[in-house]
S.K.: 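Sharing a structure, written as C-alpha cells. Questions coming.
Below, all heavy atoms of this structure are taken into account, side chains as well, without hydrogens, waters or symmetry copies. Note that ligands are numbered from 1 as they come in the structure, with each ligand's atoms numbered from 1 the same way.
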Amino acid sequence: MRKIYCDNGATSYPKAPQVGESMINYINNIGCNVNRGAYSSSYEAENVIYETRELLCELFNFDKPENVIFTSNITTSLNIVLKGLLSEGDHVIVSSMEHNAVMRPLNSLSKKGITITKVPCNSLGEIDIKNIESSIKENTKAVIMTHGSNVCGTLLPINEIGQICKNNNIIFIVDSAQTAGVIDISMKKNNIDILCFTGHKGLLGPQGIGGFLIRDYIVPLVDPLIEGGTGSLSEQEVQPTYMPDKYESGTANLPAIYGLNSSLKYLIEVGIENIYSKEMELTKKFIDGILSIDESLLVGKKDVENRTGVVSLDFKNLDNGLVCHQLDKTYNIQTRSGLHCAPSAHKSLGTFPDGTVRFSFGHFNSEEDVDYVLNSLVDIISSKSSI
Ligand SMILES: Cc1ncc(COP(=O)(O)O)c(C=O)c1O
C-alpha cells in the first residue's frame, strides 16, 4: 500500500530533489571542516555555506548574509534569541497560538523577572491586533509571534503586527516554522527584526539545520547562548562580537547545510507563490470534502483565506488518537494526534485537553492523496473499519 504522508507540519517528506544527493556528495567527496583548514575543499565548503546564507537572504528579502545564523533547528534559534535578549524587568507579548518552542523558554525566563502577556486568539485561531496594541507597556521589549498556527493553520497578520512594533520601537521576532518556504515572508516589508526558521519543514531541507536572520541594530542586544571555537580570533579566549561568528561556535552541520542549499534553490526555482497556491488547492479540496462529510469535524477556519495547509479535525464521538492510529495501520496515512506542543492554541480552539488529529498537506501531496484520505475517513466514521 502506498504511503500517504500528511504530517508535513511535523517535517516535510519527501524532501526537495537533490537534497539527499548534495548531502551524500558532502559526506563522500568533501568531508572537511570550514574555517579550520587552509585547503581548497574547505574553501569550497565555505562558499556553499555563504551561498546558503545568500539564498536565505533572497528568500526572506534581507541583505546581510553575515547576519544569517545557522543553528540546529528553530527551537535552538528561539532559545538563543529569547535568552540572549531578555533580562529582568522586560515585558514581552505573544499570542495564544504559540508553540512550546516559544512558551517554554519564556516561562523559564519568567522566573528571572521577565513578564509575558499572552494575547488570546478566537476559536478560529485569529488575533485582534487591537489587543496587541493595548498590551504594550513602557517596558515591552519584544513581540514574539508564530506566523502560522501549527494546530489549525491560521495565519497571524505579521505585516500589521510588524508595523505596530516599528511604530512603538519594539523588537519583532517571528517564528516561521510553519510558513517559511510556503508563504512569502519579507524581513523588510513585514518589519521583522529577527526571523527564526527551521530547515526541515516547508523549506524542504533535512533535519538538524535551522537558524535566524537578525537586523544589525539588535546584534549588540543579544548575547550568545553558546560560546567556543569559531576558527577565528584564535589568539583570544573571549567570543568574537562580529557576525556570524558571535553566534556560531563549534562545528556546523555541514551535510545539512549542503542539503538546505539544494532545497532553497528548488524553492526559488519553483516560486513561493506556486508552492502556496498548490498547497491551497489541496487544502481547499480537503476542507470541502470534510464539510460535505460532517462540518462539525473541522476545527478552526472553514475556508482557505489566510491559512496554511495544516488542518485539524476533532472526531468527538471517536478517540482522536485511535483515529490517527487507524489511519496509519489500515490505510497507511500518516497524521499526528494530540496537542502538537501548543496547549494554549488548543484552549483557544476549544480542543484542550483531548487535542485533534492534524492533517498537514505539503508540496508533494496530490489530489489523489486527498481523495484517498477523504474516502478513508468516510470508512472510519461509518465504522466500516472498526477502531
Ligand atoms: C510553530 C512552530 N514553532 C516551532 C517549532 C519547532 O520546530 P523544530 O522542532 O524544528 O525546532 C514547530 C515544530 O513543530 C512549530 O510548528
S.K.: Considering only non-hydrogen protein atoms, determine which one is nearest to atom 16 (O) of ligand 1 and report residue, atom name and distance to 0.1 Å.
M.R.: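 Of every protein heavy atom, Gln178 NE2, 2.7 Å lies nearest to atom 16 (O) of ligand 1.
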S.K.: Quick check on contacts: which atoms of ligand 1 are under 4.0 angstrom from a heavy atom of Lys201?
M.R.: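 Under 4.0 Å from Lys201, ligand 1 has these atoms: 7 (O), 12 (C), 13 (C), 14 (O), 16 (O).
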S.K.: Which ligand 1 atoms does Asn150 reach within 4.0 Å, using its non-hydrogen atoms?
M.R.: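 This gives 16 (O) as the contact atoms.
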S.K.: What's the shortest distance from atom 9 (O) of ligand 1 to any protein heavy atom, and which residue and atom give it?
M.R.: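 In this structure, atom 9 (O) of ligand 1 has Thr75 OG1, 3.9 Å as its nearest protein heavy atom.
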S.K.: Using a heavy-atom cut-off of under 4.0 Å, does the side chain or the backbone of His200 touch ligand 1, or both, or neither?
M.R.: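 The answer is the side chain.
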S.K.: Under 4.0 Å, heavy atoms only, figure out whether ligand 1 is touched by the backbone of Asp175, its side chain, both or neither.
M.R.: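 Under 4.0 Å from ligand 1, Asp175 contributes side-chain atoms alone.
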S.K.: Would you mind running through ligand 1 and noting each atom that sits below 4.0 Å from a heavy atom of Ala177?
M.R.: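 Answer for ligand 1: 1 (C), 2 (C), 3 (N), 4 (C), 5 (C), 12 (C), 15 (C).
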S.K.: Hydrophobic clustering (ILVMFWY, side-chain heavy atoms < 4.5 Å, transitive) - are Leu155 and Val182 grouped together?
M.R.: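 Same hydrophobic cluster.
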S.K.: Please work out whether the ring planes of Phe70 and Phe197 are parallel, tilted or perpendicular, with thresholds of 30° and 60°.
M.R.: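 Perpendicular, since the angle between the ring planes exceeds 60°.
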S.K.: At a 4.0 Å threshold, what atoms of ligand 1 neighbour a non-hydrogen atom of Thr198?
M.R.: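 Result: 8 (P), 10 (O).
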S.K.: Using a strict cut-off of 4.0 Å, indicate which atoms of ligand 1 neighbour a heavy atom of Asn73.
M.R.: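 Taking each heavy atom of Asn73 in turn, ligand 1 has 10 (O), 11 (O) under 4.0 Å.
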S.K.: Just by distance, no angles: are the side chains of Gln207 and Thr11 close enough, under 3.5 Å, to form a donor-acceptor pair?
M.R.: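 There is such a pair between these side chains.
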S.K.: Please work out whether the ring planes of Tyr247 and Phe212 are parallel, tilted or perpendicular, with thresholds of 30° and 60°.
M.R.: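 Ring orientation of Tyr247 relative to Phe212: perpendicular.
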S.K.: Can you tell me if Tyr13 has over 12 outside heavy atoms packed within less than 6.0 Å of its OH?
M.R.: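 Atom OH in Tyr13 is not packed in, count stays at 12 or less.
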S.K.: State, with a plain yes or no, whether a side-chain heavy atom of Arg215 is found less than 4.5 Å away from one of Asn67.
M.R.: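 In short, these two side chains do not touch, never coming nearer than 4.5 Å.
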S.K.: Under 3.5 Å, is there a donor-acceptor pair linking the side chains of Ser232 and Asp245?
M.R.: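 Looking only at side-chain atoms, Asp245 and Ser232 do form a donor-acceptor pair, the distance falling under 3.5 Å.
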S.K.: With a cut-off of 6.0 Å (strictly less than), are more than 12 heavy atoms of other residues, nucleotides or ligands near CD of Glu138?
M.R.: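 Result for CD/Glu138: open.
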S.K.: When you measure from the side chain of Asp369 to the backbone N and O of Ser366, does any donor-acceptor pair fall under 3.5 Å?
M.R.: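 Flag set: sc Asp369 to bb Ser366 pair under 3.5 Å.
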S.K.: Looking only at heavy atoms, is any part of Glu98 under 4.0 Å from ligand 1, and if so is it the side chain, the backbone, or both, or is it neither?
M.R.: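 Near ligand 1, Glu98 shows nothing, with every heavy atom at 4.0 Å or more.
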S.K.: Taking only heavy atoms of Ala101, which atoms of ligand 1 are found under 4.0 Å from at least one of them?
M.R.: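 Here the atoms of ligand 1 in question are 4 (C).
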S.K.: May I ask you to identify the nearest protein heavy atom to atom 7 (O) of ligand 1, giving residue, atom name and distance to one decimal place in Å?
M.R.: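 Nearest protein contact, heavy atoms only, for atom 7 (O) of ligand 1 is Ile74 CG2, 3.1 Å.
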S.K.: What atoms of ligand 1 come within less than 4.0 Å of a heavy atom belonging to Thr146?
M.R.: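 Those qualifying, in numeric order: 1 (C).
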S.K.: For atom 15 (C) of ligand 1, what is the nearest protein heavy atom, given as residue, atom name and distance?
M.R.: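 Looking at atom 15 (C) of ligand 1, the protein heavy atom closest to it is His99 CD2, 3.3 Å.
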